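Note that the structure is predicted; figures quoted are calculated from it, not measured. So that the names make sense, note that chain A is the first sequence line, chain B the second, and so on, each numbered from 1.
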Number of protein chains: 2
Amino acid sequence: MSRKPFQRLTEADRRRGLLDATLDCIGAHGLSGASARRIALHAGVTAGLIRHHFGTMDELVRCAYRHLMDQLTGEALLASQAGRGSPEQALAQFVAANVMGPNISARKVALWATFIGRVGRAPGYSEIHRDSYRDFLELLERLIHPVRAAYALPADPDTCRDLSIALNGLIDGLWLEGSLGHGLYHADRLPRVALSAAEGVLRLPDHSLLQHLPDGPMAQN
Amino acid sequence: MSRKPFQRLTEADRRRGLLDATLDCIGAHGLSGASARRIALHAGVTAGLIRHHFGTMDELVRCAYRHLMDQLTGEALLASQAGRGSPEQALAQFVAANVMGPNISARKVALWATFIGRVGRAPGYSEIHRDSYRDFLELLERLIHPVRAAYALPADPDTCRDLSIALNGLIDGLWLEGSLGHGLYHADRLPRVALSAAEGVLRLPDHSLLQHLPDGPMAQN
DNA sequence: AATACTGTTATACATTCGTGCAACAATTGG
DNA sequence: CCAATTGTTGCACGAATGTATAACAGTATT
């Protein structure tokens, strides 16, 4: 019997590989199906490595949760920076980006939901959720404030906070339902629905956000 | 050795008991922790009964998912019927009820999220999600239409459908974040935030929904 | 009160789980 | 080019899992 040949990686690389494999396994088979052996097989290593790098299985899964949320908020931040022009454009592109590909993703929403199901039930998950939620909320506030000010609407911190909470709920809910992809309507409707609803939530004039719809407003209504 | 004394129940009663125990176990310990033995212990029976009534473990969990969604939409329907007065009042009470106790519940959101994590990944879950989502959407459309008409706003089916999609996203997102209860803001803010945002989404005059806030508007703003 | 029916218990079994641990080998520093 | 380090493998172990199945006992019928 000969041993499997292997390659020594840096701790960061090996950890990232194991975290990605963990997310893949959880996405495909759920938390129950993400066993140490399956994750290790998917990552091309053996199960003992998990103990070596993460100590316990719980710790690996918690780290995978944080890894996922870092990816999601990182992409959201990137989308917000793509809107180079007016504050309205930045906000519009950010909102739209959250209800279009690649953010609309069955894999991502399955992962997100699986972890959310553990928040408040298993130790450590609440902190990760709170941190990532706060990041998202603050990002949204910084996008909303200049737009409200540009239209001479009240933009004090309390008002902007409430508006961020509402808009965050709207984005989360639409991202969720769009990603789950029941066949009840076509996902193409979502960007327009989201932008129009966002205009209403923020009390902006009609089409102030819709006109910045990234794909171009080739549809008339 | 003496056997455990037991009681024969009707099939409906026994199934309901097992389904409730399943939801309790999933809520407390996650899908991975909801083993046949633990569920049976919690229901006061032995594990063999699960096979007798549900055949397989997968089938039990799927039935528990449907059981949960039936409960949730049942409560939502009840809340919508509590608003006896104007269409605005019915809609306002429905929206508010979804971001207040008892609908705001850490247990319920954990269960919901756990199941959502399996939609599209395991067989049978997508259908349950689609059915319950459609029910909720249609309920919302029936509440929105008369309100839009009362304010002489366009209320054609297509418009109402888009508004329902947006409002459903808003409600879902706020219910979710409120139920998860990160300590970033007090959940008391949610009903006002939700109603004000709903007014914007539906393009209703300010305070047209807020004035029907169930707890009474003792706060001035 | 005896009988039949079947809901329920109890046990068995193969499988998979997390993880502890010793041996090995890829890499690095001298 | 050799030796030390440690990332990695491979295996063992007890516990827990889903489910098959036989024996039992509550319940209803007569």
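Positionally, the nearest nucleotide of DNA chain C for B/His53 lies more toward the 5' end than for the other of A/Gln7 and B/His53.
Residue B/Thr56 places at least one side-chain N or O under 4.0 Å from the OP1 or OP2 atom of D/dT19. Between C/dT8 and B/Arg14, a contact under 4.0 Å exists linking OP1 or OP2 to a side-chain N or O. Between D/dT19 and B/His52, no contact under 4.0 Å exists linking OP1 or OP2 to a side-chain N or O.
For the segment residues 25-35 of chain B, the set of residues with a heavy atom within less than 4.0 Å of an atom of DNA chain D comprises B/Ser35, in numerical order.
The interatomic distance linking A/Glu59 (CD) with C/dG18 (C1') rounds to 15 Å, in whole Å. If you take CZ of B/Phe6 and P of D/dG26, they are 5 Å apart, rounded to a whole angstrom. Look at CG on B/Leu41: it is 16 Å from P on C/dT8, rounded to the nearest Å. To the nearest angstrom, P of C/dC17 lies 10 Å from CD1 of A/Ile39. When rounded to the nearest whole Å, the span between NZ of A/Lys4 and P of C/dA26 equals 12 Å. Put simply, CG on B/Leu49 is 15 Å from C1' on C/dT11, counting in whole angstrom units. Look at CZ on B/Arg38: it is 7 Å from P on D/dT17, rounded to the nearest Å. Atom CE in B/Met57 sits about 18 Å away from atom P in C/dT16, given to the nearest Å.
A/Asp20 and A/His42 share no donor-acceptor pair across their side chains, judged by distance under 3.5 Å alone. In this model, a donor atom of one side chain and an acceptor atom of the other lie less than 3.5 Å apart for B/Thr10 and B/Asp13.
With salt bridges taken as basic N to acidic carboxylate O contacts below 4.0 Å, none links A/Glu141 and A/Arg134. Using a 4.0 Å cut-off between charged nitrogen and carboxylate oxygen, A/Glu11 and A/Arg16 do not count as a salt-bridge pair. With respect to the salt-bridge test (charged N to carboxylate O, under 4.0 angstrom), the residues B/Asp162 and A/Arg192 do not qualify. Under the 4.0 Å criterion applied to side-chain N and carboxylate O atoms, A/Asp158 and A/Arg161 are not assigned as salt-bridge partners.
In the set D/dA23, C/dT19, D/dT8, D/dA23 carries the atom at the smallest distance from any side-chain atom of B/Arg3.
Heavy atoms from other residues, nucleotides or ligands lying under 6.0 Å from CZ of A/Arg66 number 12 at most.
A/Leu9 comes within contact range of the sugar-phosphate backbone alone, with a heavy-atom separation under 4.0 Å but no base atom that close.
Put simply, the side chain of B/Arg37 and the base of D/dG18 share a donor and an acceptor less than 3.5 Å apart. The base of C/dT8 lies outside donor-acceptor range of the side chain of B/Arg8, with no N or O pair under 3.5 Å.
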